[in-house]
Participant: 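Encoded as structure tokens, here's the structure I'll be asking about.
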2 protein chains.
Amino acid sequence: MPPQPPKALKPRKTPSQSRSRVTVDAIFEATIQVLLSQGMAGLTTTGVAERAGVSVGTMYQYFPNKQALVYALNERFLTTLAEQVEATCARMQGRPFEEAAEALIDTYWAAKTERPELTRALYRSVAELETDALLHAFAARVDKATTEIFCQTSDFRSPDAGEVNLLLTTVIYGSVRNAFERGLGQEEISGLKSGLKAMCRAYLVAVGK
Amino acid sequence: MPPQPPKALKPRKTPSQSRSRVTVDAIFEATIQVLLSQGMAGLTTTGVAERAGVSVGTMYQYFPNKQALVYALNERFLTTLAEQVEATCARMQGRPFEEAAEALIDTYWAAKTERPELTRALYRSVAELETDALLHAFAARVDKATTEIFCQTSDFRSPDAGEVNLLLTTVIYGSVRNAFERGLGQEEISGLKSGLKAMCRAYLVAVGK
DNA sequence: CCAATATCTGAATGATCCTTCATATAATCT
DNA sequence: AGATTATATGAAGGATCATTCAGATATTGG
């Protein structure tokens with residue numbers, strides 16, 4: 001594999017007939033399954049194809065290479081997450097930021113908790129790809145949505161709203177991830193969640209208008 | 001490579017003569033260099049050996065396989081970090097927790113900032129290994145050190161000290177990591193650092209004795 | 001029903017690269 | 001110095017896989 005530019009990560013062809021849409025879905029689901037059971041190291045094109053019940057060639061009709069597959073998978077989930085965050089922000093328009101922050105935490109948490117093992121697998125898979133652009137775009141999109149909330153309803157005094165926004169986003173996102181990467185029990189996890197909320201609330205109150 | 005048990009991750013042999021200690025150091029440094037320039041995907045045994053100026057066979061005298069090499073590298077850094085954390089905790093014995101928390105943040109931050117690119121590379125490399133045990137041991141060691149501080153000097157009321165400790169550790173560690181994974185400028189980074197401190201402080205004050 | 005188009009197949013190719021081992025050189029010890 | 005142990009060499013073996021392509025099968029539109 002050539003070191004830097006993995007050719008292209010973009011899909012090769014978009015399905016037009018319904019049977020190919022089924023195929024692509026099957027490939028995605030198979031990728032998830034293999035990722036869950038074998039991890040990124042055990043993810044082979046033939047393995048995924050077999051699990052999906054299609055031939056390798058079919059895979060290559062939609063994804064130019066293996067990494068494009070994992071890339072697309074992550075893109076899918078990040079897009080969904082971004083939409084959920086935007087929805088939460090829209091719903092929280094005009095509410096006090098403490099509430100908005102809590103709602104954001106709930107949103108992240110729910111998204112990651114839905115399939116915890118998959119969450120961990122995806123976190124790992126991202127590390128082995130050229131996903132900087134993807135992650136950056138996601139971060140920008142989320143920042144935009146949250147900034148609107150934090151700026152609109154507020155007149156912060158000391159640090160400006162953008163800074164607070166970056167801090168909250170970073171802390172929330174990072175903490176949620178870290179909470180997942182430790183192998184914690186259910187009680188500890190939910191304890192962390194409410195603790196994180198309390199922390200954000202305390203900070204906002206201390207620094208707030 | 002067999003899916004699950006990567007044979008052993010333990011070193012094969014410990015150097016006894018001084019020339020072999022030099023060799024092992026060279027291998028470690030070469031691993032770092034390759035990791036920095038090619039990433040985990042471009043890390044090959046022959047590549048590392050070449051960069052280190054030794055033959056592949058030599059590498060295999062000290063590491064049973066490629067992953068053991070990366071494992072050992074991470075182990076080295078985590079051990080150093082754990083020692084630094086313990087030192088910080090020892091130094092902070094008896095001081096108010098707000099100060100202790102700030103000192104902890106400084107310690108983490110300094111460790112990660114020393115070689116930022118290496119930090120990112122190691123974060124990524126860990127994802128592709130069976131490092132659960134390693135990370136768990138590290139987490140336990142750090143938890144132990146910080147717990148002593150937070151329990152000793154304090155009589156918390158509502159959530160118990162252990163919970164607060166877990167929360168702080170998770171938030172600090174996760175936030176530092178996330179701060180690194182965004183590609184931020186120097187000003188934003190240091191803004192985040194002080195913001196994180198303020199947040200921990202606000203939380204501790206709000207919940208504290 | 002017949003083109004035209006979309007989708008699928010999977011053996012064969014070829015590249016990569018981890019790992020071994022028989023042999024060589026250097027250090028240490030007695 | 002001779003024997004023993006430590007360390008180094010790197011070509012060759014062999015396994016794994018990503019990727020291609022020439023040809024088969026299915027769907028659609030006219």
Side-chain angles (χ1 to χ4, degrees), chain A residues 1-28 30-31 34-35 38-72 125 128-130, chain B residues 1-28 30-31 34-35 38-72 128-129:
Chain A
M1 182 195 333
Q4 291 325 343
K7 268 176 182 166
L9 290 175
K10 292 283 108 188
R12 196 167 245 171
K13 173 195 291 188
T14 330
S16 73
Q17 302 179 354
S18 77
R19 72 174 156 149
S20 57
R21 246 166 273 133
V22 170
T23 299
V24 170
D25 280 348
I27 292 174
F28 273 130
T31 307
V34 174
L35 229 39
Q38 321 274 307
M40 192 66 169
L43 189 91
T44 68
T45 49
T46 41
V48 170
E50 194 178 4
R51 193 119 178 189
V54 302
S55 83
V56 220
T58 298
M59 258 199 48
Y60 276 88
Q61 217 134 37
Y62 300 101
F63 305 97
N65 50 57
K66 198 177 71 160
Q67 14 216 339
L69 180 62
V70 182
Y71 186 94
S125 76
E128 316 192 26
L129 252 48
E130 227 52 62
Chain B
M1 185 195 331
Q4 292 324 342
K7 269 174 183 167
L9 291 174
K10 293 283 111 190
R12 195 167 248 170
K13 172 195 293 189
T14 329
S16 72
Q17 301 180 355
S18 77
R19 69 174 160 152
S20 57
R21 246 166 271 133
V22 170
T23 299
V24 170
D25 279 349
I27 292 174
F28 273 130
T31 307
V34 174
L35 229 39
Q38 322 273 307
M40 193 65 171
L43 189 93
T44 68
T45 50
T46 43
V48 170
E50 194 177 5
R51 194 120 179 185
V54 301
S55 83
V56 221
T58 297
M59 259 200 44
Y60 275 87
Q61 218 134 38
Y62 301 101
F63 306 96
N65 50 56
K66 197 174 71 157
Q67 13 217 341
L69 181 61
V70 182
Y71 186 96
E128 316 190 25
L129 252 49

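Protein chains get the first letters and strands the later ones, always in sequence-line order, with residue 1 at the start of each. Hydrogens, waters and symmetry mates play no part in the numbers below; they use all other heavy atoms, side chains included.
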Participant: For A:F28 and A:Y62, run ring-ring contact (aromatic ring centres under 6.0 Å, His included): C-alpha distance rounded to whole Å, both residues' side-chain angles, the deciding distance at 0.1 Å, then the answer.
Facilitator: CA-CA 11 Å; A:F28 273 130; A:Y62 300 101; 10.0 Å; no
Participant: Pull out every residue in residues 49-59 of chain B that has a heavy atom closer than 4.0 Å to any atom of DNA chain C, ordered by number, or say none.
Facilitator: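 Output list: B:V56.
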Participant: Can you tell me if A:Y60 touches the phosphate of C:dC8, counting only side-chain N or O atoms and a distance under 4.0 Å to OP1 or OP2?
Facilitator: no
Participant: Compare side-chain N and O positions of A:T45 against OP1 and OP2 of D:dC17 and report whether any pair is under 4.0 Å apart.
Facilitator: no
Participant: Determine whether a donor-acceptor pair (N or O, by modelled atom type, separation under 3.5 Å) exists between the side chain of B:T44 and the backbone of B:G47.
Facilitator: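 Such a contact is found between B:T44 side chain and B:G47 backbone.
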Participant: With sequence neighbours excluded, what pairs up with A:S125 under the side chain to side chain donor-acceptor pair (under 3.5 Å) test?
Facilitator: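 So A:S125 forms a side chain to side chain donor-acceptor pair (under 3.5 Å) with A:N74.
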Participant: Do any side-chain nitrogens or oxygens of A:T23 fall under 4.0 Å of OP1 or OP2 in C:dT7?
Facilitator: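 Checking A:T23 against C:dT7: no side-chain N or O falls below 4.0 Å of OP1 or OP2.
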Participant: Nearest of D:dT19, C:dC18, D:dA8 to any side-chain atom of B:T44?
Facilitator: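 Output: C:dC18.
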Participant: How close or far is atom P of C:dT19 from atom CG of B:L43, stated in whole angstroms?
Facilitator: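 Nearest whole value for this atom pair: 12 Å.
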Participant: N/O contacts under 3.5 Å, protein versus nucleotides 26-30 of chain D?
Facilitator:
none

Participant: Treating A:T31 as the side-chain partner and A:I27 as the backbone partner, does any N or O pair qualify as donor plus acceptor under 3.5 Å?
Facilitator: yes
Participant: Would you indicate whether the side-chain heavy atoms of A:T45 and A:Y60 approach each other to under 4.5 Å?
Facilitator: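 Side-chain contact under 4.5 Å: yes.
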Participant: Which one, D:dA8, C:dC8, C:dT20, comes nearest to the side chain of B:Q61?
Facilitator: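 The listed nucleotide nearest to B:Q61's side chain is D:dA8.
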Participant: Could you state the CD1-C1' distance from B:I27 to D:dT7, rounded to the nearest angstrom?
Facilitator: 11 Å
